[in-house]
Amino acid sequence: MGAKGFFRGLTDRTQSASQHAGAGLPSNAILPGNTTARLGILEDFEKAGFGWLWASDPEGRLIYISESATQSTGREPVEMLGKHLTELFETDPDNPDERSDRPFKFQLSARSRIVDLAVRFALGKSKHEAKQTWWSFSAQPILDGAGSFKGYRGIAKDITTEYERKLVDSRMAEFDSLTGLANRHRMANRLDSLLATYVAAKRSCAVMMLDLDRFKHVNDTLGHQAGDELLKQVADRLHHVVLDRGEIGRLGGDEFQIILPDTDDRGSLGELADKIIQVLSQPYPLNGERATIGASVGIAIAPYDGLDREDVVHSADLALYVAKNGGRGQFRFYTTNLKDRAEERRILMEDLREALAGDALELHYQPIVRVEDNMVIGFEALMRWEHPERGSVSPALFIPIAEESNLIIELGEWALQRACREAAQLPRSVTIAVNVSALQFTHPGFPEMVANAITQSGLEPERLELELTESVFMGDSESIDQTFKALKQLGVRLALDDFGTGYSSLSYLRSAPFDKIKVDKSFVDTCTQKDLNSAKIIAAIIGLSNALGMHVVVEGVEAFDQLGVVKDMGARYIQGWIYSKALAIETVRERLSSGEFCIEPDGPEQYRSDRRTVFRRIGIIHEDHRYAGVLRDISRTGARVEGLLGVPEGTELVLDLGSGQLAVCSVIRSRDAMIGVEFETPLVNDGEGGLCTRHRVSPYALAAAGMPLEALPAGNYPMQMIKGSGDSQSKPQFVEVKTPGG
Ligand code: C2E
Ligand code: CA
Ligand code: CA
């Protein structure tokens with residue numbers, strides 16, 4: 001039979017079936033009126049296990065359920081009958097399936113039709129019970145002739161196996177199987193939905209991007225398994241720091257993200273970022289080996305730095321990029337001028353390359369003084385660069401730039417050779433310390449480079465001291481140990497620099513052959529503050545070093561009150577401005593020519609906090625007028641500003657520091673065009689040694705004042721935007737004077 005015939009046959013048969021129907025029913029057919037027989041079918045259906053039947057009364061209490069259903073739960077029918085459906089079943093609060101998002105309770109009270117709703121059998125509510133049972137529920141509301149609700153009639157079935165598989169699948173789709181953290185997909189969804197609702201509610205949300213420094217190196221040298229183990233430990237540590245303040249995700253590789261809802265305080269964000277960097281930088285035990293990595297963090301805050309996910313994440317990414325380039329182990333906030341700064345650094349790197357090639361760099365030498373007799377026992381070589389246009393550029397700025405590329409290796413080699421050559425001409429009684437960047441230290445040819453510098457200059461190796469920071473320990477321990485061994489064989493001395501900042505793990509002291517520890521200036525800065533432990537920490541470091549047979553140099557002593565404290569704490573060697581700043585080699589030679597070089601301490605009685613000298617154009621706002629001014633210096637608590645005449649003490653002002661940073665302050669000193677102000681709220685650390693305001697002008701507030709809702713634009717905002725009021729009525733009260741260079 002061909003296809004045609006087959007179809008015809010089909011048609012024929014259909015016809016004959018309908019003919020049958022017309023011809024009369026088989027004798028055993030069950031008609032609607034036959035209640036007993038119909039019940040029999042229902043019973044067979046219930047027993048077959050395709051599903052169960054149930055019914056509720058108008059109040060939602062269970063009045064019927066198939067016996068096999070109660071059996072499957074291990075309960076007696078009486079335990080279930082009469083109970084409200086919501087007592088017996090609940091929807092999964094973590095259900096990723098959107099259909100079930102409308103809570104069960106809500107659907108029941110709305111008396112709406114229920115289709116394939118997954119519910120958990122909840123009787124007794126022991127959620128920790130080993131086996132949870134999942135049911136799929138469907139039900140039809142029954143109305144009587146008058147249209148009033150009579151209850152539900154429904155079917156249900158056990159879907160535990162499928163449901164649990166689905167949960168596992170969706171976990172895999174949403175979570176990173178290695179660390180258990182949310183994956184990129186989930187983080188993106190979370191951020192999308194958070195930000196969508198936050199804009200309407202005028203809420204803020206911070207996003208941190210995190211990147212591990214030198215993770216790849218660990219992975220390459222210790223293997224992937226060790227790398228995986230390390231990532232798990234990173235995830236654990238992150239949980240410990242972040243707690244329930246936000247959601248942590250792993251976006252892939254060594255890239256992490258943290259979403260922090262309702263957070264816009266840059267003070268607390270900076271502290272959190274610092275804490276994260278600190279905690280992640282502690283050594284990791286990896287089955288017998290030890291590895292150390294670092295972390296960099298970029299921070300952006302919605303709506304300030306972007307309204308939607310793409311923009312906020314892009315901003316945080318850019319901040320992370322700048323943080324990584326600023327020397328590792330740092331955090332950065334996104335600001336509108338980050339892009340300009342990246343460009344500025346690029347230019348500076350070029351200039352530095354030229355300076356090195358053109359022999360425009362110098363070393364200056366800062367004396368290290370023995371406290372008991374004020375005798376100079378050695379010097380630290382510090383790089384100095386006189387830029388043709390910018391004047392002197394601090395190594396604190398250009399060294400991190402050099403560290404972005406191999407330039408640091410060349411720069412370091414130059415410093416080592418120059419220092420050895422110049423030190424070889426000095427009396428044998430003085431030592432010379434040279435700073436070594438971590439990148440330089442881990443560079444394969446480093447010990448050889450040191451050996452060459454020694455032989456070419458003729459300097460006695462024991463007079464050369466290499467200053468290393470704890471960041472040299474990043475990476476795998478084996479090659480680090482080898483480098484240490486090679487250096488010790490050369491006979492040079494090793495100093496642990498900046499001790500007490502960053503990682504501060506005592507295990508370094510055990511594992512590496514240091515001859516000296518240099519206590520970081522930050523402890524000295526705060527050692528006269530009774531409420532802080534700095535003085536005690538200095539004493540503890542000195543005690544520990546003595547016990548280990550190491551010398552201690554305390555760095556950054558500027559004032560007599562600090563000198564008193566550090567002497568009391570047992571300091572015997574000091575390097576600080578109270579004795580001397582770094583000196584040109586000619587000066588050093590001249591002072592040493594008389595044989596001995598002694599320096600009497602000289603400086604202020606009291607240390608003045610972190611006041612920085614700056615020169616920056618800012619806005620000064622008084623009532624509804626903005627004046628132009630110049631910021632002369634700034635500290636956490638106050639500033640000096642030039643540009644307004646005749647401002648009485650006690651006047652309330654607002655400094656517009658740019659990019660939406662408004663600092664409310666009051667005038668505490670006023671002389672000619674120079675005013676000193678005190679901030680209402682202290683400024684906070686901006687991550688790169690500068691200061692910023694905790695809060696910025698909210699884009700929501702700007703929108704309320706008539707601007708479009710957008711991330712903060714660069715520059716200053718019109719007065720009425722800031723003040724939220726209309727046109728200015730009053731006359732300016734103060735006289736603006738033109739400042740030099742303005
Ligand atoms: P560092 O190794 O901690 O050097 C000490 C820094 O503290 C120097 O800053 C020094 O001038 C400053 N200092 C010393 N006593 C005082 C004090 O009493 N008060 C204050 N406020 N500061 C004091 P400098 O010369 O600006 O160097 C900054 C950093 O740049 C150095 O910190 C070091 O990390 C890096 N650096 C400088 N020269 C080299 C170099 O040749 N190679 C490498 N790799 N890094 C270098
Ligand atoms: Ca140093
Ligand atoms: Ca130091």
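Count residues from 1 along the sequence. Any value given below was found using the heavy atoms of this structure, including those in side chains, with hydrogens, waters and symmetry copies removed. Atoms within each ligand, like the ligands themselves, are counted from 1 in listed order.
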Looking only at heavy atoms of Lys521, does any of them come nearer than 4.0 Å to an atom of ligand 1?
yes
The Ca ion (ligand 3) contact by Asp498, N, O or S atom under 3.0 Å
yes
Salt bridge Glu465-Lys518, side-chain N to carboxylate O under 4.0 Å:
no
I'd like to know if the Ca ion (ligand 3) has an N/O/S atom from Glu467 within less than 3.0 Å of it, counting both backbone and side-chain atoms.
no
Within ligand 1, which atoms have a heavy atom of Gln366 less than 4.0 Å away?
10 (C), 14 (C), 15 (N)
Specify whether the nearest protein heavy atom to atom 3 (O) of ligand 1 is under 4.0 angstrom away.
yes
Under-4.0 Å heavy-atom contact with ligand 1, by part of Asp498 that carries it:
side chain
Mind checking whether His364 contacts ligand 1 via backbone (N, CA, C, O), side chain (CB onward), both or neither, at a 4.0 Å heavy-atom cut-off?
neither
Give the contacting part of Lys581 toward ligand 1: side chain, backbone, both or neither, where contact means a heavy-atom distance below 4.0 Å.
neither
Vertex the Ca ion (ligand 2): angle to OE2 of Glu380 and OD1 of Asn435, to 10°?
90°
Starting from the Ca ion (ligand 2), look over the N/O/S atoms of Asp497 and name the nearest one.
OD2
Test your reading of the structure: does Leu382 have an N or O sitting under 3.5 Å from an N or O of ligand 1?
no
Polar atom proximity, Gln440 to ligand 1 (N or O, under 3.5 Å)
no
Which one holds for Asp497 and ligand 1: side chain close, backbone close, both close, or neither close, with close meaning a heavy atom under 4.0 Å?
side chain
